[in-house]
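Structure, as structure tokens:
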Number of protein chains: 2
Amino acid sequence: MTSQAADGPDMVAASRRSKITPEREREFFDAVLEQIRECGYDSVTMDGVAASTRCSKSTLYRQWKTKPQFVAAALRANRRVRFVGIDNGSLAEDLREVARAAGDWSRKDTKLLQALGHAVHSDAELAQALREALVEPEIAALQDILRRGVERGEVAEGHPALDYVPAMMFGVLRVRPVLTGEYADADYLVRFVEAVALPALGLT
Amino acid sequence: MTSQAADGPDMVAASRRSKITPEREREFFDAVLEQIRECGYDSVTMDGVAASTRCSKSTLYRQWKTKPQFVAAALRANRRVRFVGIDNGSLAEDLREVARAAGDWSRKDTKLLQALGHAVHSDAELAQALREALVEPEIAALQDILRRGVERGEVAEGHPALDYVPAMMFGVLRVRPVLTGEYADADYLVRFVEAVALPALGLT
DNA sequence: CTGTACCGATACGGCCGAGTACCGGTACAG
DNA sequence: CTGTACCGGTACTCGGCCGTATCGGTACAG
């Protein structure tokens, strides 16, 4: 974002300026996200990340100017497409598979969302990175699945429950630890889909 | 909880030891909870609470030993029974009224739950106070409403959706700000009840 | 072989918040 | 009227973390 736009013949030299390999960078990102999950955003320190990755605080500050920028970069690097390739030809089976897939990483993502939920009020860049990394890809993928169900005629277009499927899936996912202390696992989510989501959509 | 158990004739004098009236105490509690909602738990300072209530930090530390104990006391004082008196003789109408009632204070309670969600990992007393103040009363009241519906025969006992009603109500309530940036209002929640909760329970 | 520039380590300045100590004012008891 | 004890205000210590500066080591270029 700073000087990577150099188009001259020194671009190779410019990319050689940092000896941080992409693998090393991912170690930094994994470390800071893990510490956020464990202790919360405010309790995470740059010293702690440096110590746990055996690098120097200087190294971190050479790459990223401030702590929120560093965390935002870690979130953006963590962004990935969810629910990819879920297309079984049946909305009910697609939703069950979403539930199974969500159960796998629900613990990590829920912790992150919980820990950063209030930090985003103080840094707009952090807020946008969080949305792009953890919220929008999942919503979009879920809406794709629902749209295909509508196109196949399984659910009538404009069905009132359609608008609430993302909210109730992520709502149940996120609120489970608060209610019972346990994180939502795949089994719990699949049963939720069968007991609530499918009946609400008019699918048996 | 400390010396209020004195049974001697000096109990009047003992209760007179503190010149903090219950109304004054509630000002402290309201101030700290409001600041937590605005800035998060870690950003709230005892100096800030003292300044906003025009009292001295000494006064706060004379009554409560540490910051988490002070916050826990504020939460316990804020505990109240929710959904009280909701009993219309119809489960559908009861749930609609729950949605309307929840929309009124969802903003304040959701902010509190969000702000304290990660602070509870570092203080067990705080965690229990939060559960007793904001989670358990609402769950219990909701289950009472559901139980009456079962007793009236509106829903079969053991209906699979029954277990998920509290989770999906609070889930949708809490996750709305994350998804759209807006807090859930009464209208949104009532439509959710009609589009999802009632069909899932087999009520029209 | 020599220079360059990045890395890791350490130390430091500045700031801020938790919790403590002290002091004058004042309400209430007797 | 006099004493007691609590309240509010201020100043203080202590510790922690952000961000910066500095220095020796080392990998790579030419």
Side-chain angles (χ1 to χ4, degrees), chain A residues 2-4 6 9-28 31-32 35-36 38-74 119 122-123 125-126, chain B residues 2-4 6 9-28 31-32 35-36 38-74 119 122-123 125-126:
Chain A
T2 55
S3 61
Q4 295 183 356
D10 56 351
M11 200 189 73
V12 174
S15 70
R16 261 279 174 241
R17 286 183 68 89
S18 171
K19 296 174 181 171
I20 306 290
T21 66
E23 293 76 19
R24 185 72 169 134
E25 197 180 58
R26 175 147 293 276
E27 284 181 40
F28 298 153
V32 68
Q35 291 191 20
I36 287 175
E38 291 302 313
C39 314
Y41 176 80
D42 288 318
S43 299
V44 166
T45 69
M46 298 296 263
D47 292 86
V49 176
S52 71
T53 56
R54 283 190 298 277
C55 82
S56 165
K57 211 168 37 158
S58 316
T59 304
L60 299 179
Y61 277 105
R62 267 189 287 263
Q63 304 284 330
W64 303 279
K65 289 179 183 173
T66 66
K67 171 179 164 180
Q69 285 184 21
F70 174 46
V71 174
S122 56
D123 190 283
E125 182 186 356
L126 199 58
Chain B
T2 54
S3 60
Q4 295 182 357
D10 55 351
M11 200 189 72
V12 175
S15 69
R16 260 283 173 238
R17 287 183 68 89
S18 171
K19 295 174 182 170
I20 306 289
T21 65
E23 294 76 19
R24 184 72 169 135
E25 199 181 57
R26 174 148 295 275
E27 284 181 41
F28 297 153
V32 68
Q35 291 190 20
I36 287 174
E38 291 302 312
C39 314
Y41 176 80
D42 289 318
S43 299
V44 166
T45 69
M46 298 296 264
D47 292 88
V49 175
S52 71
T53 56
R54 283 191 297 278
C55 81
S56 165
K57 211 168 39 158
S58 316
T59 303
L60 299 180
Y61 277 105
R62 267 190 286 264
Q63 304 285 329
W64 303 279
K65 289 179 183 174
T66 67
K67 170 179 164 180
Q69 286 184 21
F70 175 45
V71 175
S122 55
D123 191 285
E125 183 186 356
L126 200 56

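Values below: all heavy atoms of this structure, side chains included; hydrogens, waters and symmetry mates excluded. Reminder, nothing fancy here: chain letters follow the sequence lines and each chain counts from 1.
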Of the nucleotides dG19(C), dC7(D), dG19(D), which one has an atom closest to the side chain of Lys19(B)?
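From the listed options, dC7(D) comes nearest.
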
Check every atom of dG8(C), dA18(C), dC7(D) against the side chain of Lys57(B) and return the nucleotide holding the closest atom.
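Out of dG8(C), dA18(C), dC7(D), the nucleotide with an atom closest to Lys57(B)'s side chain is dA18(C).
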
Could you check whether any side-chain heavy atom of [X] comes within less than 4.5 Å of a side-chain heavy atom of [Y], counting everything from C-beta outward?
X: Met46(B); Y: Val49(B); value: no
X: Ser52(A); Y: Gln35(A); value: yes
X: Arg24(B); Y: Thr53(B); value: yes

What integer distance in Å separates [X]:[atom1] from [N]:[atom2]?
X: Ile20(A); N: dA27(D); atom1: CD1; atom2: P; answer: 15 Å
X: Leu60(B); N: dG19(C); atom1: CG; atom2: C1'; answer: 12 Å
X: Glu27(B); N: dG8(D); atom1: CD; atom2: P; answer: 10 Å
X: Asp47(B); N: dA18(C); atom1: CG; atom2: P; answer: 6 Å
X: Tyr61(B); N: dT10(D); atom1: OH; atom2: C1'; answer: 15 Å
X: Lys67(B); N: dT20(C); atom1: NZ; atom2: P; answer: 15 Å
X: Phe70(B); N: dG19(C); atom1: CZ; atom2: C1'; answer: 14 Å
X: Asp42(B); N: dC18(D); atom1: CG; atom2: P; answer: 12 Å

Who is the Watson-Crick or G-U wobble partner of dG16(D), with both distances under 3.5 Å?
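Pairing partner: dC15(C).
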
For dA29(C), what is the paired nucleotide under Watson-Crick or G-U wobble rules, both distances under 3.5 Å?
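Base partner found: dT2(D).
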
Does [X] place a side-chain N or O at less than 4.0 Å from the phosphate oxygens OP1/OP2 of [N]?
X: Arg24(A); N: dG8(C); answer: yes
X: Arg54(A); N: dG8(C); answer: no
X: Thr59(A); N: dG8(C); answer: yes

Measure up the Phe28(A) and Trp64(A) rings against each other and bin them: parallel (under 30°), tilted (30 to 60°), perpendicular (over 60°).
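It falls in the perpendicular class, over 60°.
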
Measure distances between side-chain N and O atoms of [X] and base N and O atoms of [N], and say whether any donor-acceptor pair falls under 3.5 Å.
X: Ser58(B); N: dG9(D); result: yes
X: Ser56(B); N: dG9(D); result: yes
X: Thr45(B); N: dA18(C); result: no

Do Lys67(B)'s NZ or CZ and the ring of Tyr41(B) fall within the cation-pi criteria of under 6.0 Å and 45°?
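Cation-pi check for Lys67(B) and Tyr41(B): passes.
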
With DNA chain D as reference, determine whether Met46(A) or Arg62(A) sits nearer its 5' end, using the nearest nucleotide of each.
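Here Met46(A) is the residue nearer the 5' end.
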
